[in-house]
Amino acid sequence: MDYKNLVLKYKDELLQDLSGLLEIDSVKGESSKDAPVGKGPKKALDYMLSLGQRDRMTTKEVEHLAGHIECGTGEKVFAILGHVDVVPPGSGWATDPFKPEIKNDEIYARGVQDDKGPTMAAYYAMKILNDHTSEFKYRPRLIVGTDEESDWRCTEAYFKSQEMPDAGFAPDAAFPLIHGEKGITTFNIIQKQMPLDEREPNIELKVLISGERYNMVPESAEAKLKVLQNMSEVIQSFEDFLRVEAADGHYEIDNGFLRLSINGQSAHGSTPEKGVNAGFVLLKFLDTINLDNNATEFVDFANRKILNNQDGSKFNMYHRHAEMGDTSVNVGMINYTEVDGGLFGVNLRYPEGLDFDAAINDLKREILPAGFIIEDVTNQTPHYVDKNDGLVKVLLESYRNHTDDDSEPYTIGGGTYARTLERGVAFGAMFKHTEDTMHQKNERMKVEELLLATEIYLETLHRICVKGELDED
Ligand SMILES: [Zn+2]
């Protein structure tokens with residue numbers, strides 16, 4: 001098969017169908033029975049399924065949340081998993097985010113990179129294959145989700161009633177290929193006991209606030225203190241602290257209260273080492289002053305279990321995997337009030353090999369005597385496909401046949417759509433030099449890269465679904 005020329009013949013049609021999809025404002029909207037994620041995502045799903053019907057493929061809709069388009073024959077299913085919902089466009093666009101425009105050979109529209117462009121590329125790979133073949137070893141199936149940007153109810157509903165494909169990929173990230181994703185957990189560590197204050201503390205910690213999301217390193221932290229004596233000494237020690245630690249912060253006296261604030265550096269929760277947790281810096285200072293008892297318990301606990309715990313060793317959750325790396329811990333929220341006590345909102349990510357459920361139960365038992373409990377635990381287990389798996393081999397070769405990039409497949413701390421497939425990887429559609437404009441204003445995709453991704457997917461489907469190369473070793 002001459003993949004390149006075949007794709008070129010379909011170029012106009014591909015661009016037209018993609019344009020139709022991009023024109024649908026598929027931001028999550030008001031939920032209804034017939035459109036659980038809102039009218040827009042449902043309309044985009046219907047649009048994709050209507051293309052499948054037009055092109056004489058089989059289609060199925062699942063609970064108005066997901067669906068699939070399938071062609072070919074045979075027992076086995078090879079899946080491509082894409083999504084047609086988008087994040088809100090935000091402001092500052094040079095074009096209308098839902099009126100796709102091609103400028104300098106680049107398509108501008110919300111969702112063109114994430115994930116409508118790649119999904120349409122995969123759809124065309126399937127369509128072209130179906131137009132030119134009648135014998136299949138695997139049925140290619142494009143699964144279309146409508147809730148990837150929020151709660152993944154689409155894949156949840158879909159796989160509840162539909163068979164798990166034998167293998168597949170999600171074109172919702174980058175080339176060459178992502179074959180491992182860490183387990184992702186969130187949980188709250190909450191201070192429960194309120195010991196009575198017996199001694200006379202000099203400083204009462206009224207409030208501490210830092211961060212609002214599990215998956216971000218807090219970039220700022222603020223504390224409100226009531227200082228009973230020697231306010232100027234406390235201020236002096238804060239200024240000394242800032243200088244010694246080279247920290248960015250300031251203080252303010254407000255109605256008799258002392259307000260302290262720290263600026264850190266934000267980073268994604270999967271790479272806490274790239275940021276500076278402002279809450280940690282503030283806790284470190286609070287540890288140096290004479291606080292009331294309850295706040296002292298809170299700060300002491302932070303010292304024992306929260307600070308200097310980027311690899312999870314203080315939770316007994318440190319684990320290293322040769323390909324996937326180490327456990328990482330981000331504390332995305334640190335809150336304390338005089339009335340309710342303290343809370344740490346933790347986002348811990350771990351590689352294959354750690355028994356998280358056992359470890360979290362051990363941690364619960366361990367911290368209970370100090371008056372801390374763990375609540376609201378979520379856990380997405382790690383996703384890993386061996387680098388030597390036939391799936392990785394065929395996909396990687398198909399990619400390399402169309403580019404001069406021979407970089408290796410890799411693993412990440414984040415999560416992609418691929419983790420919902422049992423034997424699945426993330427494959428494209430950003431290339432090595434593609435500017436990542438996902439979720440940003442002026443989201444765009446080069447027409448040339450759209451066609452190139454289609455070629456790569458066409459070769460992949462041809463080799464797996466027609467030639468049966470997945471089973472060769
Ligand atoms: Zn996406």
Side-chain angles (χ1 to χ4, degrees), residues 18 21-22 24-29 36-38 40-45 47-48 65-69 79-90 97-98 100 107-125 142-159 168-182 184 213 215 268-270 380 383 395 410-421 424-431 434-446 449-450 453-454 456-457:
L18 175 57
L21 180 60
L22 292 169
I24 302 168
D25 174 348
S26 54
V27 174
K28 181 181 178 178
V37 195
K42 176 64 167 54
K43 192 175 170 193
L45 173 64
Y47 177 87
M48 285 308 298
L65 281 163
H68 72 231
I69 307 167
I80 306 146
L81 177 62
H83 67 91
V84 291
D85 57 316
V86 296
V87 294
F98 296 108
I107 311 163
Y108 285 75
R110 168 54 86 226
V112 68
Q113 204 173 36
D114 178 17
D115 184 36
K116 289 175 172 176
T119 299
M120 192 59 77
Y123 177 72
Y124 263 79
L142 175 66
I143 301 171
V144 180
T146 63
D147 191 27
E148 195 275 343
E149 299 294 0
S150 302
D151 302 317
W152 292 25
R153 280 174 292 169
C154 46
T155 39
E156 194 184 42
Y158 183 85
F159 289 117
F169 67 84
D172 192 24
F175 288 118
L177 188 152
I178 299 163
H179 68 108
E181 305 171 13
K182 281 183 182 168
I184 304 175
R213 288 169 59 181
N215 66 353
H268 191 254
S270 62
Q380 289 182 287
H383 180 69
L395 267 54
Y410 58 101
T411 67
I412 57 171
T416 82
Y417 222 16
R419 65 167 59 224
T420 59
L421 297 168
V425 297
F427 185 47
M430 277 193 289
F431 290 87
T434 305
E435 189 185 338
D436 182 353
T437 57
M438 292 186 186
H439 297 201
Q440 295 168 42
K441 64 181 178 184
N442 301 323
E443 183 175 350
R444 56 197 176 274
M445 186 179 198
K446 288 195 171 102
E449 292 188 348
L450 176 72
T454 310
I456 293 166
Y457 295 152

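All ligand and atom numbering here is 1-based and tracks the order in the structure. No experiment lies behind these values; they were computed from the predicted model shown.
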Subject >> Listed protein N/O/S atoms, distance to the Zn ion (ligand 1) under 2.8 Å >> reply: His83 NE2, Asp114 OD1, Asp172 OD1, Asp172 OD2
Quick one: are [X] and [Y] in side-chain contact, heavy atoms under 4.5 Å?
| X | Y | result |
| --- | --- | --- |
| Asp172 | Thr416 | no |
| Val27 | Phe98 | yes |
| Leu65 | Tyr158 | no |

Subject >> Sequence-distant partners of Asp436, salt bridge (charged side-chain N to carboxylate O under 4.0 Å, His left out), two or more places apart >> reply: none
Original post:
Quick one: side-chain hydrogen bond (donor to acceptor under 3.5 Å, both in side chains) partners of Asp147, sequence neighbours excluded?
Top reply: Arg153
Original post:
Looking at residues at least two apart in the chain, or sitting in another chain, which of them share a ring pair (Phe, Tyr, Trp, His ring centres under 6.0 Å) with Tyr417?
Top reply: His83, Trp152
